[in-house]
Amino acid sequence: MGIMNTNRTLPSNLMVFELRRDLTLFQRFRQNIEPIMEMYGLSEEEKQAFRDENIKKLSELGVHPYFLPQISRIFHGSAYNHNNSEAAQVYARNMVDGADQEG
Amino acid sequence: MGIMNTNRTLPSNLMVFELRRDLTLFQRFRQNIEPIMEMYGLSEEEKQAFRDENIKKLSELGVHPYFLPQISRIFHGSAYNHNNSEAAQVYARNMVDGADQEG
Amino acid sequence: MAQLVSTIALSHAPGLTGWLDKAPKEEQDSLVNGFSELGRILRDTRPDVIIGVANDHVLNLEFQNTPDFCVGTSDKWEGPAEWFKDWVAVPHYEVAGNKQVADTLVNAAGREGIRFAFRDKLLFDDNWSVPLYYLTPDYDIPLVPIHMNCVVPPLPQPEYCYRVGQTIAKIVRDELPDDMRVAFMATGGLSHDPGGPKYFDVDEKFDRWFLGLLEEGDPEKVLREATIDKMVAAGDGGTSELLAWLVTMGAVGDRPAKTVCYEPAVELRCGMGCVYWDMS
Amino acid sequence: MAQLVSTIALSHAPGLTGWLDKAPKEEQDSLVNGFSELGRILRDTRPDVIIGVANDHVLNLEFQNTPDFCVGTSDKWEGPAEWFKDWVAVPHYEVAGNKQVADTLVNAAGREGIRFAFRDKLLFDDNWSVPLYYLTPDYDIPLVPIHMNCVVPPLPQPEYCYRVGQTIAKIVRDELPDDMRVAFMATGGLSHDPGGPKYFDVDEKFDRWFLGLLEEGDPEKVLREATIDKMVAAGDGGTSELLAWLVTMGAVGDRPAKTVCYEPAVELRCGMGCVYWDMS
Ligand SMILES: [Fe+3]
Ligand SMILES: [Fe+3]
């Protein structure tokens, strides 16, 4: 994975890009992710990864690395984002621990 | 002049760019150029050049060369655009004869 | 691996469809016959898709953020765009795209250090409308259009255009579906000067020199000699559309081009011609 | 001719404002003191405008058409953008821009073969919000923001970034208004890995090596040794933000950088530091 493996044409990347720029869209997404994922044409694989908050899977599909901790913040909030915050811990369980298990 | 002297930030360039892409805007422009020029923030110098159909002046201000014959077509039509068509002749009087006089 | 079955380059200026009758009869015949012949050469190779590269006439690629190349990722295209309809004067047409091929080009080129912008909406003017009218009158071969910047400074350099063509050929070979038959087409040029003082001139000497250069089949010599400065000198506003031809040359390497037709069509305000490379 | 009176580079990661209290007290003091000192150094040179260059965190520059560099042409900016407010945790601020300087950069760079995209709307996240909070707490120096692409492949190469900095310095010298005093600021880095497995690590060894390299004042060596590969190895997702520092280095040439502070701030998930070059 990593920035060099970003899939620039992946629908998830456009969706996350716009979510952080459009608070109305973001709030609709927070209420119900399904219609927004449909609107952006995500594949079933991408959709399931969002439903599961499976950040590692999204990484493997080519979501831009920078978006991965942001996705945990979309679901768990951005304020006071220290290492023990919920958003950072969700990220850690998905990506760092997961990476360790494979490594 | 020429393509290398295009002023990419010139308001006229954005206006002409969008005129050819948006037929509603184009028709409004054909009816009254003033509010459209105002909307795009053209300088007084640019506005006067459009009022006078002074294509040579627009060229000097940094309008993209490709737009110059298109501006004559915006005012005089695009159909059957041969060398003796009105659009081509307006262009010729502005740019080619004018260039000869200076050259 | 897919196969590059056909590589061609041709003019696209609107006089070919918009006011062809104003050219001398022998020029009309030469160009219509030549372009029709090029269409036969293309169709005889039975391509499943045409990857096309052509100048964007500052119609889609904004001054605010002009990319070197922009790949069209839609499965469906149409043309000509409204404002260009009566100028180009060909009937409205629809032609399929190929999103899978387009997406592959974008991501695979990125891995090779080549940045392709992409979008699923592109307005077509003469850049595709004129070539398709002559080459594929049934509009039955899917097109992946690549709009490039040939006219807004700074321009992509000839060496870079050549490398882009090499990269596209590599992607065709290594990444597109097995057994896919791919045609590669450049449109634009030859000498013309929309927006400049040579608007009503054609630089026949330059055009014949450029075609002769491609016929030698020596890419290093082409890149050394066919500079942007020379193109601009032969017609500032449009001749640099030949950068698209250098892209296709990157795909064919040292094969010599074969000229099908050429006419210095002053009444059409453009040096007009077409070439192909034998890919067999 | 205008004058480049100040050139600085500094980290911008949000831990500096968002959860600074989680870092050890001595790290907090070192960073706050260092960044405040850098602010004094900057303000003492009385700049009329700051030209800033920083990574766009894929917030403004779309995947569909990522430019290398995008100049902000508005006369008025504000931040932080809504979605980043509680993350960055600095008060809402407004700061003037300078459209005249921005337009000049765009068109003059184009003539030098450097393509700057431009736009009058840019969302600011930590890239400007964190530096301005420490450097110009009164938000009283106009900013021309240049968002660059450090994280979407393909990246601009170090040599190109350096050349961009040289070009900006030349434009300042040759094209900006007489007597204008210009500061040049890069923000981003040092080692960090947002979105990668080293998210909770800092590569102190890399950071100290990189700062030492800038202190040598040998641009050729920097360009030879500070490769994108090395940056990516030190933290894939973010370390290549240091490409912005190479832009400023292009403006200063062989002057040695002076490090004001550095801390491997693991709790802030980023190697944090700042440098300046003496332009007197
Ligand atoms: Fe053309
Ligand atoms: Fe950053």
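Below, read A as the first sequence line, B as the second, and so on, with proteins coming before strands; counting in each chain starts at 1.
Proximity to chain C is absent for every atom of B:Ala87, based on heavy atoms less than 4.5 angstrom apart. Contact of C:Val152 with chain B is made through backbone and side chain together, with heavy-atom distances under 4.5 Å. Only the backbone of C:Leu61 comes within less than 4.5 Å of a heavy atom in chain B; its side chain stays farther off. Contacts between B:Leu68 and chain C at a heavy-atom distance below 4.5 Å involve the side chain alone, from C-beta outward. Contact annotation for C:Asp21: only side-chain heavy atoms (C-beta onward) come within less than 4.5 Å of a heavy atom of chain B. There is no contact between B:Leu19 and chain C, counting heavy-atom distances below 4.5 Å. Both the backbone and the side chain of B:Gln70 have a heavy atom closer than 4.5 Å to some heavy atom of chain C. Heavy-atom distances place no part of C:Leu268 under 4.5 Å from chain B, backbone and side chain included.
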Test side-chain contact (heavy atoms from CB on, under 4.5 Å) applied to C:Glu62 and B:Leu14, step by step: CA-CA 8 Å; C:Glu62 308 90 343; B:Leu14 181 58; over 6 Å; no
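Side-chain contact between C:Phe63 and B:Thr6 is present, with at least one heavy-atom pair separated by less than 4.5 Å. Counting only heavy atoms from C-beta outward, the side chains of C:Glu82 and B:Phe26 never approach each other to under 4.5 Å. Counting only heavy atoms from C-beta outward, the side chains of B:Arg21 and C:Asn60 approach each other to under 4.5 Å.
A pairwise comparison of heavy atoms in B:Gly2 and C:Asp236 identifies CA-OD1, 3.3 Å as the closest pair. The minimum heavy-atom distance linking C:Pro194 with B:Pro69 is given by the pair C-CG, 4.2 Å. Taking both residues in full, the closest heavy atoms of C:Arg269 and B:Ala88 are given as NH1-CB, 4.1 Å, listed atom of the first, atom of the second, then distance.
Defined by atom type and a distance below 3.5 Å, a donor-acceptor pair is missing between the side-chain atoms of B:Tyr66 and C:Asn55.
Heavy atoms from other residues, nucleotides or ligands lying under 6.0 Å from CD of B:Glu38 number 12 at most. At most 12 heavy atoms of other shown residues, nucleotides or ligands fall within 6.0 angstrom of atom CD in B:Glu45.
To the nearest 0.5 angstrom, B:Ile3 atom CD1 is 10.5 Å from C:Met231 atom CE. Taking CZ from B:Arg73 and CH2 from C:Trp83, the interatomic distance works out to 4.0 Å, rounded to the nearest 0.5 Å. Here B:Asn84 contributes atom CG and C:Glu267 contributes atom CD; the two are 9.5 Å apart, rounded to the nearest 0.5 Å. Going from atom CG of B:Asn81 over to atom CH2 of C:Trp87 covers 7.0 Å, rounded to the nearest 0.5 Å. Expressed to the nearest 0.5 Å, how far CG of C:Asn65 lies from CZ of B:Arg8 amounts to 8.5 Å. Note that OG1 of B:Thr9 is 10.0 Å distant from CD of C:Gln64, once rounded to the nearest 0.5 Å.
No donor-acceptor pair closer than 3.5 Å links the side chain of B:Arg20 to the backbone N or O of C:Phe84. Side-chain atoms of B:His64 come within 3.5 Å of backbone N or O of C:Val151 as a donor-acceptor pair. Of the possible polar contacts, none joining the B:Asn83 side chain to the C:Phe200 backbone as a donor-acceptor pair under 3.5 Å is found.
Along residues 201-208 of chain C, no residue comes nearer than 4.5 angstrom to chain B, judged on non-hydrogen atoms.
Of the listed residues (C:Ser240, C:Gly196, C:Gly238, C:Gly15), the greatest number of heavy-atom pairs within a distance under 4.5 Å of chain B belongs to C:Gly196.
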